[in-house]
Amino acid sequence: MGQKHDLRCSKCGYEIDALLGIGMLYSVENIFKSEKPLLPELVGDNKITQQALALVNNNAEISENYGHSLYACPEDFYLFDKFYFQVGDFKPQYHCPYCQNILQRVTFAKGTAGKTRLKFMDQDKYWQCPRCGNDEMIEYSFGNWD
Ligand SMILES: [Zn+2]
Ligand SMILES: [Zn+2]
């Protein structure tokens, strides 16, 4: 089951409704190996999908660590939820629609009471609001989806 996150900047209200994790139908089989794999729909990018499925056909190893993940642009900090996966050494690279930089995954980190910060996974760097520069968010609603 996945989680639904409604994150809002605690100062200016910039927000993202993000679906994270995996749904019930998200087996390796359904996503990568069935006759009509779910991957194209999850990824929304033909080049990435074709490259990944070609690797799967060549028996590249599919990592079990996949799902909808929170990504941020390292330059302007806009947030997106995108599908993360790894096949062999291949991981999808998503581009920021505003500045073309490659989006980076971010993870939840502790903020002050009742607030959340987002940290870039591969760097010692925290997310900042693209509109006002604040670095804390409030989670307004939280639920599950399947
Ligand atoms: Zn803000
Ligand atoms: Zn950007």
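We count ligands from 1, going down the list as the structure has it; atoms in each ligand are counted the same way.
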**Q** Calculate the angle formed at the Zn ion (ligand 2) by SG in Cys99 and SG in Cys73; 10° precision is enough.
**A** 100°
**Q** Looking only at N, O or S atoms in Asp76, which is nearest to the Zn ion (ligand 2)?
**A** OD2
**Q** Fit a plane to each ring of Tyr26 and Phe83, take the angle between them on a 0 to 90° scale, and name the class: parallel (under 30°), tilted (30 to 60°) or perpendicular (over 60°).
**A** perpendicular
**Q** Please determine if Lys4 and Asp6 form a salt bridge, counting it only when a charged side-chain N lies under 4.0 Å from a carboxylate O.
**A** no
**Q** Angle between ring planes, Phe32 versus Phe85, binned at 30° and 60°: parallel, tilted or perpendicular?
**A** perpendicular
**Q** Measure from NZ or CZ of Lys82 to the centre of the six-membered ring of Tyr71 and say whether it is under 6.0 Å with the direction within 45° of the ring axis.
**A** no
**Q** I need the SG(Cys12)-the Zn ion (ligand 1)-SG(Cys9) angle, rounded to 10 degrees.
**A** 110°
**Q** Is Glu75 close enough that one of its N/O/S atoms sits under 2.8 Å from the Zn ion (ligand 2)?
**A** no
